[in-house]
Amino acid sequence: MADYDLAIIGGGLNGVSLARDASGRGLRVILIEQGDLGAAASSATSRLVHGDLAALERRHVLRVRAALAERDVWLTVAPHLVRPIRFAIPAHASERQPWRLRAGLWLYDRLAARNRLPAAATLDVTHHPVGDALKRPIGTAFEYSDCVVDDSRLVVLTALDAAERGAAIRTGARCVRADRDRIWRLAIIDRGHRRILTAGALANATGAWSVSAAETVLRQPPPRVTARQVNQIVVPRLFEVDAVYVFQNHDGRLIFAQPYADDFTLIGTVTHGFKGDPAVVTMPAADVSYLCKAANRYFRSDIQPADVVRTISGANMMVRRGADGQRMETVVSLDAGRGKAPLLTMCGGDVTTVRRRAEQAVSRLAKFYPLSPRWTAGAPLPGGDFGWDRFEDVVDDVRERWRFLSDAEARRLVGAYGTRLAEILGDARSRANLGQAFGPRLTEAEVRYLMTREWARFPEDVLWRRTKLGLTFGAAEHEALTAFMAGATRPVNAAPERDGDGDSPAAAVELQSVGG
């Protein structure tokens with residue numbers, strides 16, 4: 001008998017979503033990630049949970065309807081991470097005609113299965129706060145509802161839920177060889193130790209490494225995909241309203257400008273082909289300039305490349321569809337022949353529909369394993385056990401219990417941990433009770449929690465993925481955090497523990513046979 005029913009290579013959003021779904025349906029799962037969870041393309045998404053207006057413009061009505069249904073699911077299962085927000089499209093004389101925008105948004109609202117969010121509206125921005133940041137010739141905007149999400153925290157909490165359902169999550173572990181017979185035999189390098197484990201089925205969820213992993217590690221025919229790079233920029237905050245601006249650019253692209261980490265604005269995206277090492281994805285200067293110019297068509301503030309405080313880039317694999325080859329879609333495939341262990345491949349796709357894609361992918365294993373019913377559409381992620389419209393109430397409760405927190409601090413913490421915040425703050429009566437401070441927002445209590453429960457190993461894991469505090473961290477603060485994490489004792493790749501020891505038998509075996 002194999003050690004695991006399903007081994008997953010890759011700890012991005014696709015990989016952890018597969019792990020969550022499969023472990024909750026009764027499979028013994030191990031996920032192997034060579035770096036940190038969500039360290040590549042999964043932390044460089046558009047951060048939008050939406051039906052995709054651009055897809056509606058291309059007449060992909062059924063796809064938009066399905067995505068809007070998933071938007072409702074995310075509001076239910078991750079109300080701390082997925083936040084409803086108003087999107088504003090300023091009307092521009094040389095772009096889409098107002099009647100087309102109005103008609104498209106009318107249809108967009110009606111494609112949503114449940115009208116949970118406010119309907120689209122027309123704004124006179126000369127008398128509306130949305131217009132304060134815009135250039136004066138713009139007098140009208142169209143407003144509609146969608147959601148934004150913290151993508152990298154979504155990855156971590158999905159992995160956390162998988163672990164609490166029995167999955168073994170191994171970060172800093174690399175699969176160097178996988179031999180396929182009736183079962184898979186995997187060679188793993190974990191913390192410098194070589195270990196062998198076996199699995200009944202294998203999932204290649206390595207994202208931009210999908211082709212190279214298939215060719216060099218699995219030694220199987222690679223998926224027929226093409227690499228795409230996504231680029232965004234971060235600049236100091238450009239507007240005060242809590243909204244996402246959608247700008248029509250002269251080339252037909254829609255450019256989004258959204259609030260980011262309280263004091264910043266995220267502007268994107270530019271997407272194009274990619275060649276090179278997926279571990280080193282850099283943003284071309286031309287793309288930085290393009291996004292600055294696109295924003296400058298609308299914003300009063302003049303944005304120059306020198307104002308960019310951070311670029312965010314990621315590469316992933318997609319397959320070309322459609323007669324013109326312009327439609328880029330995700331890849332979900334299952335290869336299973338007589339006498340060969342199943343190989344599942346999943347790469348590409350967006351944040352909005354990843355839960356559904358993982359559900360469909362795992363369901364393909366039903367011919368090999370008995371699976372319990374589909375479940376992820378109704379089960380909240382860790383910390384998300386409250387109504388999507390009660391976020392403000394949870395913030396109020398947190399401020400009432402921990403009175404030393406400011407409103408901004410409470411919002412950040414609830415937005416990251418939801419109802420699990422008590423596991424960090426405990427019975428603290430003041431900031432002093434939270435241990436060493438690393439700057440004004442990050443405390444020892446939070447760092448310890450991230451190290452022991454959320455697989456954070458290095459300062460970058462904390463500052464850029466579990467939080468976005470790296471944008472405001474100085475050199476001295478970074479040095480202090482580095483020294484603390486290097487000296488702190490923590491279990492290596494320990495699975496989160498809840499309700500007793502929290503580990504399934506599979507996880508216990510994994511710690512003995514694979515752990516360093």
Check whether any side-chain heavy atom of [X] lies under 4.5 Å from a side-chain heavy atom of [Y], and answer yes or no.
X: W455; Y: R170; value: no
X: N14; Y: S42; value: no
X: D150; Y: K468; value: yes
X: W74; Y: V149; value: no
X: P382; Y: R453; value: no
X: L105; Y: L53; value: yes
X: V49; Y: V148; value: no

### D262 vs R412, salt bridge (charged side-chain N to carboxylate O under 4.0 Å, His left out): CA-CA, chis, key distance, verdict
CA-CA 9 Å; D262 295 333; R412 180 186 78 80; over 6 Å; no
With a 4.0 Å cut-off on N to O distance, would you call [X] and [Y] a salt bridge?
X: R465; Y: D36; value: yes
X: R65; Y: E70; value: no
X: R441; Y: E446; value: no
X: D350; Y: R357; value: yes
X: R356; Y: D21; value: no
X: D389; Y: R116; value: no

### Derivation of the side-chain contact (heavy atoms from CB on, under 4.5 Å) call for H50 and T352
CA-CA 6 Å; H50 63 150; T352 306; 3.9 Å; yes
### Task
Sort and list the pairs that fulfil salt bridge (charged side-chain N to carboxylate O under 4.0 Å, His left out) and have at least one residue in residues 295-304, not counting sequence neighbours.
E95-R297
### Query
Got a sec, which pairs hit salt bridge (charged side-chain N to carboxylate O under 4.0 Å, His left out) with one end in residues 305-319, sequence neighbours left out?
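Output for this query is empty, none listed.
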Nearest heavy-atom pair of [X] and [Y]: which atoms, and what distance?
X: I169; Y: A159; answer: CG1-O, 4.0 Å
X: V16; Y: G11; answer: CG1-O, 3.9 Å
X: P90; Y: L134; answer: CG-CD1, 4.0 Å
X: P459; Y: L481; answer: CB-CD2, 4.0 Å

#### Entry: Aromatic ring pairing F484/F438, orientation class (parallel under 30°, perpendicular over 60°, tilted between)
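Tilted.
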### Message
Under the criterion side-chain contact (heavy atoms from CB on, under 4.5 Å), I'd like the reasoning laid out for L405 against L413: C-alpha separation, chi angles, the key distance, then a yes or no.
### Response
CA-CA 10 Å; L405 294 177; L413 292 170; 4.1 Å; yes
#### Entry: Exam field: side chain T330 to backbone C347, donor-acceptor pair closer than 3.5 Å
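Present.
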Taking atom [atom1] of [X] as the centre, does the number of heavy atoms from other residues, nucleotides or ligands within less than 6.0 Å exceed 12?
X: R431; atom1: CZ; answer: yes
X: R59; atom1: CZ; answer: no
X: E215; atom1: CD; answer: yes

### Task
Applying ring pair (Phe, Tyr, Trp, His ring centres under 6.0 Å) between Y245 and each of F87, F142, F239, report the one that passes.
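Looking at F87, F142, F239, the match for Y245 under the ring pair (Phe, Tyr, Trp, His ring centres under 6.0 Å) is F239.
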### Task
Mind checking the CG-OG1 spacing from L31 to T171? Nearest 0.5 Å is all I need.
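Rounded to the nearest 0.5 Å, the CG-OG1 separation comes out at 9.5 Å.
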### Message
Against R71, only a single residue in T76, D146, T353 fulfils side-chain hydrogen bond (donor to acceptor under 3.5 Å, both in side chains); can you say which?
### Response
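In the set T76, D146, T353, the residue that makes a side-chain hydrogen bond (donor to acceptor under 3.5 Å, both in side chains) with R71 is D146.
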### Task
Let me see the working for T376 and R355 under side-chain hydrogen bond (donor to acceptor under 3.5 Å, both in side chains), right down to the final yes or no.
CA-CA 7 Å; T376 54; R355 183 209 64 84; 2.9 Å; yes
### Task
List in chain and number order the residues that pass side chain to side chain donor-acceptor pair (under 3.5 Å) with S212, two or more places apart in sequence or in another chain; answer none if no residue qualifies.
none
### Task
Please identify each residue that fulfils side chain to side chain donor-acceptor pair (under 3.5 Å) with D161, with sequence neighbours left out.
R20, R165
### Derivation of the side-chain contact (heavy atoms from CB on, under 4.5 Å) call for V351 and L154
CA-CA 9 Å; V351 176; L154 183 64; 3.6 Å; yes
### Query
Hey, mind stepping through D396 and F391 against side-chain contact (heavy atoms from CB on, under 4.5 Å) and telling me if it holds?
CA-CA 9 Å; D396 290 342; F391 184 88; over 6 Å; no
### Query
For Y417, is the NZ or CZ atom of R153 found under 6.0 angstrom from the centre of its six-membered ring and inside 45 degrees of the ring axis?
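Yes - R153 lies over the ring of Y417, closer than 6.0 Å to its centre and within 45° of its axis.
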### Task
Tell me yes or no: between the side chains of S406 and E409, is some donor less than 3.5 Å from an acceptor?
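Distance-only check passes for S406 and E409.
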#### Entry: Residues forming a salt bridge (charged side-chain N to carboxylate O under 4.0 Å, His left out) with D251, sequence neighbours excluded
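D251 satisfies salt bridge (charged side-chain N to carboxylate O under 4.0 Å, His left out) with R253 once adjacent residues are dropped.
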### Message
Ring centroids only, cut at 6.0 angstrom: are F299 and F247 within range, meaning strictly under it?
### Response
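Centroid separation for F299 and F247: below 6.0 Å.
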Let me have the donor-acceptor pairs involving side chains of residues 269-285, under 3.5 Å, with sequence neighbours excluded, atom names and distances please.
unit_1: H272; atom_1: NE2; unit_2: N231; atom_2: ND2; d: 3.3
unit_1: H272; atom_1: NE2; unit_2: D287; atom_2: OD2; d: 2.7
unit_1: D277; atom_1: OD1; unit_2: A279; atom_2: N; d: 2.9

